[in-house]
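Here, residue 1 is the first one in the sequence, and each next residue gets the next number.
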Amino acid sequence: MDGGSAAYSRSVEDVFQDFKGRRAGMVKALTADVEDFYRQCDPDKENLCLYGLPNEQWEVNLPAEEVPPELPEPALGINFARDGMQEKDWLSLVAVHSDAWLLAVAFYFGARFGFDKNDRKRLFGMINDLPTVYEVVSGKNKARTSGSNHSSNNFKSNSKVRTSESQVKYLKRMHPKEGDEGLDEDDEEEHEETLCGACGENYASDEFWICCDICERWFHGKCVKITPAKAEHIKQYKCPWCSNKRGRF
């Protein structure tokens, strides 16, 4: 719907950045903003689509009126299936169609800008290094990480911080206190391929992360709006996904 910055881009890197921005917006709609997204997809409205925008935002809107549209269109009428399915199944279905749309838009730009075989291969390789929207929404992105579940769970256990009589698991990465030893190199390497449950990006040692006590997925603090100071006072952390699991299931 919105041509965005890629309308003026020509390189593989530019198209990939456009892809990442749109993907981040759709992941946000289906995870952190799921309550708002659910509300906007009212089955009593006309055919609606979920659009990811290059600036990492999202919108639910009617399809473009012009034929053919400026960009490929997302799946039409996602709102009509909302109340006929369990919420988690509906969100997963929207996620699958979102992945298809993101690829369509990226390769539309590839064709428009005259990418050759090697450019298309490189673009797909960059895209394929990221977990799909479906993998992030369904939690299946955990299967893409290296190492065994046993070693991962040991690491999480060692990273817990006691608050009152409960435990919140998070990584201290911002403003470490004097005398803190932090994580050793083995722990760093073990955790470096963990993916954020919200944006799907890899772990980075200079960022603050927190783990949901319900689904045990890890998140960038910035993606779920949790700071190290806030984490110190949380008795049990529930991520936006787990917090939004209500009687609709």
Side-chain angles (χ1 to χ4, degrees), residues 24 26-39 86-92 95 130-177 180-184 186-249:
M26 298 181 109
V27 168
K28 185 179 180 183
L30 298 170
T31 55
D33 295 347
V34 67
E35 192 73 19
D36 188 24
F37 172 66
Y38 187 95
R39 179 183 56 78
Q86 288 191 334
E87 185 181 278
K88 60 182 179 180
D89 294 332
W90 175 68
L91 292 172
S92 294
L130 295 173
T132 63
V133 176
Y134 171 74
E135 286 175 324
V136 175
V137 170
S138 65
K140 295 184 182 296
N141 60 323
K142 290 195 294 184
R144 295 172 59 117
T145 61
S146 64
S148 66
N149 289 335
H150 176 71
S151 62
S152 177
N153 286 338
N154 282 344
F155 178 82
K156 290 177 182 178
S157 177
N158 292 334
S159 301
K160 292 178 181 178
V161 173
R162 294 183 180 276
T163 305
S164 299
E165 294 183 353
S166 185
Q167 293 177 323
V168 175
K169 296 168 283 187
Y170 66 88
L171 301 181
K172 288 183 178 179
R173 281 301 167 204
M174 300 174 65
H175 312 297
K177 296 179 181 178
D180 280 356
E181 296 180 0
L183 303 175
D184 59 33
D186 290 339
D187 284 338
E188 291 278 6
E189 292 178 359
E190 185 175 301
H191 211 64
E192 64 185 2
E193 292 195 26
T194 296
L195 303 177
C196 174
C199 71
E201 297 292 331
N202 287 80
Y203 162 83
S205 60
D206 60 346
E207 296 179 303
F208 171 73
W209 285 60
I210 187 167
C211 183
C212 176
D213 285 300
I214 306 303
C215 66
E216 295 199 339
R217 284 190 285 175
W218 288 89
F219 299 86
H220 289 107
K222 63 184 180 182
C223 289
V224 291
K225 300 179 180 179
I226 298 294
T227 64
K230 286 184 179 179
E232 291 281 1
H233 302 286
I234 298 175
K235 292 184 178 181
Q236 183 185 57
Y237 176 65
K238 294 175 74 173
C239 68
W241 177 263
C242 292
S243 295
N244 284 316
K245 287 182 178 179
R246 304 191 179 196
R248 292 192 296 261
F249 287 115

Quiz item: What distance do W218 atom CH2 and L195 atom CG have between them, rounded to the nearest 0.5 Å?
Solution: 13.5 Å
Practice problem: Would you please name every residue forming a side-chain contact (heavy atoms from CB on, under 4.5 Å) with A29, sequence neighbours left out? | Solution: F37, L50, W58
Quiz item: Side-chain contact, heavy-atom cut-off 4.5 Å: I234 with I226?
Solution: yes
Self-check item: Distance-minimising heavy-atom pair for E135 and P131
Solution: OE1-CA, 3.2 Å
Practice problem: Check whether any side-chain heavy atom of P240 lies under 4.5 Å from a side-chain heavy atom of V224, and answer yes or no. | Solution: yes
Quiz item: What distance separates R39 CZ from D33 CG, expressed to the nearest 0.5 Å?
Solution: 10.5 Å
Quiz item: Can you name the side chain to side chain donor-acceptor pair (under 3.5 Å) partners of K222, sequence neighbours left out?
Solution: E207
Exercise. Of all the heavy-atom pairs spanning C239 and C212, show the shortest one and how long it is.
Key: N-SG, 3.4 Å
Quiz item: Which pair of non-hydrogen atoms, one from R217 and one from V136, has the smallest distance, and what is that distance?
Solution: NH1-O, 2.9 Å
Exercise. Heavy atoms only: give me the nearest F208-T227 pair and the separation to one decimal.
Key: CE2-C, 3.8 Å
